[in-house]
Amino acid sequence: MEAARTSGRPGNLFAAAVLILVGLTVFAQTAGLAELETGSDPGPAGYPRLLAALLIVLAVCVGLQRGVGDTLPSAAGALRVAAAVALLVVYALVMESVGYVASTTGFLLATMLLLGIRRSWWSLLVPVVFSIAVFLVFYRLFGVPLPRGPIEGLLS
Amino acid sequence: MSGDWTEGLRLILGWQPVLMMLIGVLGGIAVGAVPGLSSTMAIAILLPFTFVLDPVPGIALLLGIYTSSVYAGSIPAILLRIPGTPASAATMLDGYPMAQRGQGGQALSISLVASSIGGLLGGIMLIFFAPALARIALQFGPAEFFMLALFAISLIASMSEGAMVKGLLAGLIGLVVATVGTDPIGGQPRLTFGVDDLLGGLGFIPVLIGIFGVAEALARFEGRRGAGAAAAVPTGSFRLSGATLRRLTPGMSYSSVIGFGVGALPGTGGDIGAFIGHNEVKRLSRNTAGFGSGDPRGLAAAEAANNASVPGSMAPTLVLGIPGNAPAAVLIGALTVHGLQPGPQLFSASSGLIYSIFFALLIIPVIMLLVGALGIRSWSQVARVPTQLLWPCILALSAVGAYAVRSDVVDVLVMIGAGALGYLMIKTGFPTAPLVIGLIVGPLAEAGFRRATIISSGSYSWMLEPLPLALLVLSVLTLGLSLLRTARKQLAARRERAVASGPGAPAGTASADAAPVDANPGATAASDDEARP
């Protein structure tokens, strides 16, 4: 195994920057609400702002720490993770129009290819069987609402 | 009171709850036996599919998965030296050496029996303590609840050794995310960025699925090849003699009490309980030379403790509405979706449901013992299943689960966002469990904080009342002790490095940059595992 690279200090600086941004966003977004504060109630803005202030203070602490973190992926690994997220987004967006079975089969085929699983019949069989089985069990047996398309019409 | 018992028994003994417990136990064994699938992940992903069930069978299914996955995590821990769930990390200490000696069968049997006994004893303790605790909790006001929430977050943050500030930050993020939506007291929309779908808050079920399901699965996309299957060592006989059992009983019982107690502390769970149980039994036993290198007593202690922590973690969950650990946080999510808000009120209002949960926690270990014994020779095969095909399926199941909550694609997108966040947290060394605890206790904390302030007409003097103050002091002490421990460790590490300084500098560029302060990747991984559910 190659030497483990951890996210270390850059990771901490990145996290601190994001967290400070979140804290500031909370302050900005609750600006209009601040006027609603009454005498005795910290108000809808007071409590989140208290949290945001704490968040910023602790984020600064983390930014100052020499960080440790998990091992970093290789560039190709990071790209695969990003691709998986992108595939998930596409999956979510087409789910309702294409229907559950077709979208899930497509998603599984794509992600398995991404993982380098190329034993042809496994990477074909698992997606098809998995999506149909899940549909039958959860939709037909338990009545869980799943997006329906033309294939779902044939199955139920 | 006896009416509650009979009602609880009637609710749990229907065909549906019993079937669900059985399915849960079977599913949980599979989840536990496959390294990489954790109890929390399984409960989070399957949670949406239980909404169509009534609350009792739905919860029974999830409790079955939780309990038996904590047991079955021991299977790969014993055979492969990979904990199936974090709760079985202590199981490896004595379980794996036993398997190496050809006593894997014995070890598996001991782990099954000890887990069942631990679960059963934990369930009995829960029945004794929870109602009394609930009566006390009924006296709690908003100030106490706010401080309890704070204590839970401090405790879980302090568990992430060496990353306490990150743990606290994760908890804070959870609290902040919980404020998105309609403000609980005045009804003002807040932090919704104009998105109407967020008025009801960021659905916390999609967030849970994202953090525990998607994030872990995403991490698997970094590498292409799964770990190669380990060579099988002959397991030997599975038989347990009466004499062995008698020898193990005192340790198992003692360890169960410890596991229950650790589980009952908000924020701590089976992983820590098992280590403490193992340690304490070793301390009180004679001839402890074999502990840590294959002593059955050590194995039994670890396994009894981690399963006793399951009912233990349900105590604060059911009585206070404050989750005992990450899986319990997900179970609170399950209850709230059914319109049941765990806490002292639920205890008196829906006592039938609560008592049925008690009974479920007694019945599940028995089912687990039977099912576990029937299949004990086959479960070890499950542990060797190649997991590479699983991760895409986990992602698909997560997405569908998030969708199923409200038939809303926005929830799936929230889940993906939470998954990406969780992945980045893992990579930058932030524990994810505090975030979820923060998310769950968030509404309770905000309502507590604001009501307490309103009651004391705008002053914060409520923080100085005896009970809230005591809880505040406890929280500060917890964090202080954790800081002290970390500082001491760093000092020791620095000294060690000073002694061994010179040529053999650690390889890698980033770690050299991070040098003096705990840059040991091994230590990071350990604390990460502990913090992750």
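- Using a 4.5 Å cut-off between heavy atoms, A:Pro147 contacts chain B through both its backbone and its side chain.
- Most heavy-atom pairs under 4.5 Å with chain A: of the set B:Ala219, B:Ala396, B:Ala404, this distinction falls to B:Ala396.
- Only the side chain of A:Val134 comes within contact range of chain B, with heavy atoms under 4.5 Å apart.
- Rounding to the nearest 0.5 angstrom, the gap separating the CE atom in A:Met112 from the SG atom in B:Cys393 is 4.5 Å.
- Going from atom CG of A:Leu51 over to atom CZ of B:Phe449 covers 8.5 Å, rounded to the nearest 0.5 Å.
- Minimum heavy-atom separation, A:Thr111 to B:Phe221: O-CE2, 3.8 Å.
- Contact of B:Ile455 with chain A is not made at all, since no heavy-atom distance falls under 4.5 Å.
- With values rounded to the nearest 0.5 angstrom, B:Leu389 atom CG is found 10.0 Å from A:Leu125 atom CG.
- Of the inter-residue distances, the one linking B:Leu390 atom CG with A:Leu115 atom CG reads 11.0 Å to the nearest 0.5 angstrom.
- Of residues 17-25 of chain A, those residues lying under 4.5 Å from chain B by any heavy-atom pair are A:Leu19, A:Thr25.
- Applying the ring-ring contact (aromatic ring centres under 6.0 Å, His included) rule to pairs touching residues 75-96 of chain A yields A:Tyr91-A:Phe107, sequence neighbours excluded.
- Of the residues B:Val400, B:Leu397, B:Val52, the one that meets the side chain to side chain contact (heavy atoms under 4.5 Å, CB included) test with A:Phe138 is B:Leu397.
- Interatomic distance, A:Leu114 CG to B:Trp391 CH2, rounded to the nearest 0.5 Å: 15.0 Å.
- For chain A, the nearby parts of B:Ala445 are the backbone and the side chain; heavy atoms of each come within less than 4.5 Å.
- Note that NZ of B:Lys166 is 12.5 Å distant from SG of A:Cys61, once rounded to the nearest 0.5 Å.
- Among B:Leu168, B:Leu169, B:Thr428, the one residue that satisfies the side chain to side chain contact (heavy atoms under 4.5 Å, CB included) test with A:Val62 is B:Leu169.
- Per-residue counts of heavy-atom pairs under 4.5 Å with chain B were compared for A:Gly77, A:Ala110, A:Pro127, A:Ala78; the largest is that of A:Gly77.
- A:Tyr47 approaches B:Gly442 most closely through the heavy-atom pair OH-O, 3.9 Å.
- With a 4.5 Å cut-off on non-hydrogen atoms, B:Ser407 touches chain A through its backbone and its side chain both.
- For chain A, no part of B:Val180 is nearby; none of its heavy atoms comes within less than 4.5 Å.
- Proximity to chain B (any heavy atom under 4.5 Å) is shown, for A:Leu87, by neither the backbone nor the side chain.
- Interface residue A:Val26: backbone and side-chain heavy atoms are both found under 4.5 Å from chain B.
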